[in-house]
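First the structure, in the form of C-alpha cells, and then the observations on it.
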Protein chains: 2
Amino acid sequence: MMTTSHGRRATIRDVALAAGVSISTASNALNGQGRTNAETRDRVKHIAEKIGFRPNALARGLLSRRSHSIGMITNDTYGRLTLPMTAGVSEALVDHGVSVFLCATNNDPRLARLHLEALLDKQVDGIIFTATRLDLAPQVDLSRLPIPVVYAFAEGPDTSVSFVPDDHQGARLAVEHLLSLGHRRILHITGPEDFAAVRRRAAAYRASLGGEGEVMFGPWGEDWGHEAVHRILTRPEPRPDAIFCGSDETARGVIDALRDHGLSVPSDIAVVGFDNWHVVAAQTRPALTTIDMGLKELGRRAGLAMLDLTQGKPVASGINYIACELVVRASCGTDLAGQSLMSS
Amino acid sequence: MMTTSHGRRATIRDVALAAGVSISTASNALNGQGRTNAETRDRVKHIAEKIGFRPNALARGLLSRRSHSIGMITNDTYGRLTLPMTAGVSEALVDHGVSVFLCATNNDPRLARLHLEALLDKQVDGIIFTATRLDLAPQVDLSRLPIPVVYAFAEGPDTSVSFVPDDHQGARLAVEHLLSLGHRRILHITGPEDFAAVRRRAAAYRASLGGEGEVMFGPWGEDWGHEAVHRILTRPEPRPDAIFCGSDETARGVIDALRDHGLSVPSDIAVVGFDNWHVVAAQTRPALTTIDMGLKELGRRAGLAMLDLTQGKPVASGINYIACELVVRASCGTDLAGQSLMSS
DNA sequence: ATGAAATGCTAAAACCTTTTATCACTTGAG
DNA sequence: CTCAAGTGATAAAAGGTTTTAGCATTTCAT
C-alpha cells in the first residue's frame, strides 16, 4: 500500500501532479469519462497504479449519494443462522465494492435504535433485516426509511421484499424421501406450534401424506425427542416406521432415545431431520439425513435483490421462497439401499 | 426520520436557514464550539431536533479523517466463534458511534484481498482480524497497513495487540474443579496436537497434576470421544475416575460411549468439557460441566483496545489472555455434592 | 481561405461538515 | 472620550472526488 511522501494515502491530486495533468483529466482518464487522449489515459492509469492510488470512498460517496455499504440488523447473538446468511450477502456484494455493516441488537430496542441511527448517519444504501425466527418483528420501525429494506429469514410487510426458506417444499422433500424408501407410517415430531415455520412444515407433511399423519408439537431441543419417543413406544398403536423431525436437535434426541429403547436406526425406524446444522447432523450416530435450508444462498439472493434496489432497478415485492435441499447421510439408509428395498 | 421539502435528508444548511443564522454558527451551536450566545445555541439545537437533522458521517469523516467504522475480517463461515465476538466488539463500540464491517473471507485469498481493499477505500479506522483457530495466519498481509490492527482469537506479530482466551487458566480451572471433587486419576482426551490451543490446555493439565497425567490427542469430533473411551476401557490399567475433554464435542462422544459401556456419569466417571458450546453442552445427558471462553467479553476487550488505538491513546502491545469461566452443570456432579464428598 | 465540427484539456461547482481567520459591534477601564 | 478587550456572528478554506460547462486548438469540408 503506497503512500505519498507526506505519509497520507495518495489522492487523485497526487496522480494529476505526477502525470502533469489537471485533476479533472486524471479523473476522466481513470473513469473513462469525457474525451481523453489514449496516450494520456494510459499514462495516468499507469501512474495511478504505480503510486497505489485508490479513490477515497467517503468523498466519492458524498458526491454520488451512494456509500457502497449496507447495514445488516440481526437479533441473533449466537450465529448459527446469521453468519451463513451474512457470508452469502457479503459474497454477492463484495465484487461490486459493497461492504456490510453487521449490527447485533441482542433483542434490545435501545441498541437497535442506536445501530439504526449510526447506519443512517453513515448513509448506507440499504438495510437487510434478519431474525432467528421468521415471525419475529424488528425492534425498530423500518417501514418509513428513505432507503430500501430487505428481509432475510424474516417476513416484512406486503410491500417489502422478503426471502425465507421454502419450509413447505423442504418438508415435502423429507416426507417424499421417506415414502420413496417404502415407509408408510411416518410420524412428525417437531417444535412449538406458535412458530410459523413449524406450522408450515407440519402442513406440508400432512399434505404429502394425503391429509393423514400425526404431528407431535413440543419444545425445541433434544429432550423433547426423548420424551416423544418414550410416549409413542409406550402406547399400544402400531409403531411408525419413520419419523420426520422438525429440527436436527429433536432428531438427535429421537435417535438417541430409539437406541436406548433397543431400536436400530435406520433398519427399525428411519429418521430425517431439518436444518443440516453440521455439528448436530454430522455427529449423530448414525449421521443424520436432513434438510438444508440453503442459508448462504438465501443471503446471496437477498444481497442481489438489495443491489438491484440500490441501483433503482425494480424488484418484485413479496415473499421469495428459497428451495431447501435434501442431504442424505445414514439415518434413513442410503438411496441405494432404498432402491434395492423397493425392488425386492 | 424527517426530511426537507426536496425529499433529501436535512443538512446543516437547512438548519441554518430555518434558524436564520450562518452555517458556521449552526455548526458551532450544535457542537458547542466557538463563541455562541446561549439563546442562539438553544434555538439552533431546538430547530435541528425538530427537523430531524443528523450530521452526514461521510462528510464528517472526510474532514476529520475518521470514518467511525472498523473492519472485522474472519475466515469463519459457520459463526460459532465469530458472531459472539462480533457482537462483543459491536457492543463496545456502538455507544461511540462506531460501526463494524463484517468480512467473511471463507479462507479465500482473493476474497480476503477484495474485502481488505474495500475496507481501506472506505477509510476504516482500524481492522480486527479473527480466525477459527488461534494459530491461523490471515490470507492477506496486515502488517504494513496505515491503520491499527487488533487480533481477536488470533495471535498477531509481537508488536501487535492480540486477545486470546486464557487456555492455560481455563484448563487449570477444569482440572482443579475435578480435584476439588476428590478425583485423582484424571485423563485428558483432546484434539490434534498441532493446534496451539490443544498444546496449551494439555500443558496446563499436566502442570495442575504436578507433571503427571495422560493426554490422548486425536481428531476433533464426537467419534474420537467414542474411540478413546473404547481404548481405555479395553486395557488392563486402572480406570480414570474423571476425564477432562479438550472440546464439548469430544466430551459428548465420551459421555455417550461411557453410557454405552454401562458406566454412569458422573457417579462412575466425571467429565468436563471445553467451549460451553450451548447446543452441545446443554443437550448432553447429563448436561455438561464445561469451560466458557468468554468470547463476547474477548470481543468487547478487542473493541475497546481498538477504540483507544484509533484515538491515538497508547495500548500495550502483546497478547492479552482473557479469563475463562467454569460453567457447572451435571456431568461432574454439583459443587454441593462435591463438598459433601470431601467432608465425608 | 473560412466556417463548422471535433478533440483534448481544465476551471469551477457540487456533495456536507468543521475549523480558522476575520469582521462588526459592545463593554469597560483609564 | 478613547483604546483595549471581549462578544457574537460569518466568510472562506479544507477534506477528495466527479461532473458540467467552457476554452483553446486542430481537423475537415466547402
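Chain A is the first sequence line, chain B the second, and so forth, proteins listed ahead of strands; every chain is numbered from 1. In what follows, every heavy atom counts, from backbone to side chain, and hydrogens, waters and symmetry copies are set aside.
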Under-3.5 Å donor-acceptor pair between Arg13(A) side chain and dG16(D) base: no

Which nucleotide in dA9(D), dC16(C), dT17(D) has an atom nearest any side-chain atom of Leu62(A): dC16(C)

Between C1' of dT17(D) and CG of Asp121(B), the distance in whole Å: 13 Å

Residue that, paired with Ile127(B), satisfies side chain to side chain contact (heavy atoms under 4.5 Å, CB included) out of Ile70(B), Leu145(B), Val150(B): Leu145(B)

Atom-pair distance (CG on Leu120(B); P on dG16(D)), nearest Å: 16 Å

Nearest-Å distance for atom pair CG/C1', residues Leu63(A) and dA14(C): 6 Å

Spacing of Gln33(A) atom CD relative to dT20(D) atom P, expressed in whole Å: 9 Å

Salt bridge present between Glu39(B) and Arg43(B) (N-O < 4.0 angstrom): yes

Note, Ile147(A) side chain near Val124(A) side chain (heavy atom, < 4.5 Å): yes

Between P of dC16(C) and CZ of Arg8(B), the distance in whole Å: 6 Å

Side-chain N,O (Ser27(A)) to OP1/OP2 (dT18(D)) below 4.0 Å: yes

Donor-acceptor pair present, Ser22(B) side chain and dA9(D) base, under 3.5 Å: no

Touch class at under 4.0 angstrom, heavy-atom based, for Ile23(A) against every strand present: base

Of the listed nucleotides dG16(D), dT18(C), dC9(C), the one nearest the side chain of Ile12(B): dT18(C)

Sugar-phosphate, base or nothing in reach of Ser64(A), heavy atoms under 4.0 Å: nothing

Spacing of Leu58(B) atom CG relative to dT18(C) atom C1', expressed in whole Å: 15 Å

Which residue lies more 5' along DNA chain D, comparing Ala26(B) with Arg60(B) via nearest heavy atoms: Ala26(B)

Any Asn31(B) side-chain nitrogen or oxygen under 4.0 Å from OP1 or OP2 of dT18(C): yes

Sugar-phosphate only, base, or nothing, as touched by Arg35(B) at under 4.0 Å among non-hydrogen atoms: base

Spacing of Lys122(B) atom NZ relative to dG15(D) atom P, expressed in whole Å: 23 Å

Short N-O contact, Asp121(B) and Arg9(A), less than 4.0 angstrom: yes

Phe101(A) and Phe101(B) aromatic ring geometry - parallel, tilted or perpendicular at 30°/60° bounds: parallel

Rounded distance in Å - CG (Asn28(A)) to C1' (dT10(C)): 10 Å

Phosphate-side-chain proximity, Thr40(A) and dC9(C), N/O vs OP1/OP2 below 4.0 Å: yes

Options dG8(D), dT10(D), dG16(D), nucleotide nearest the side-chain atoms of Ser24(B): dT10(D)

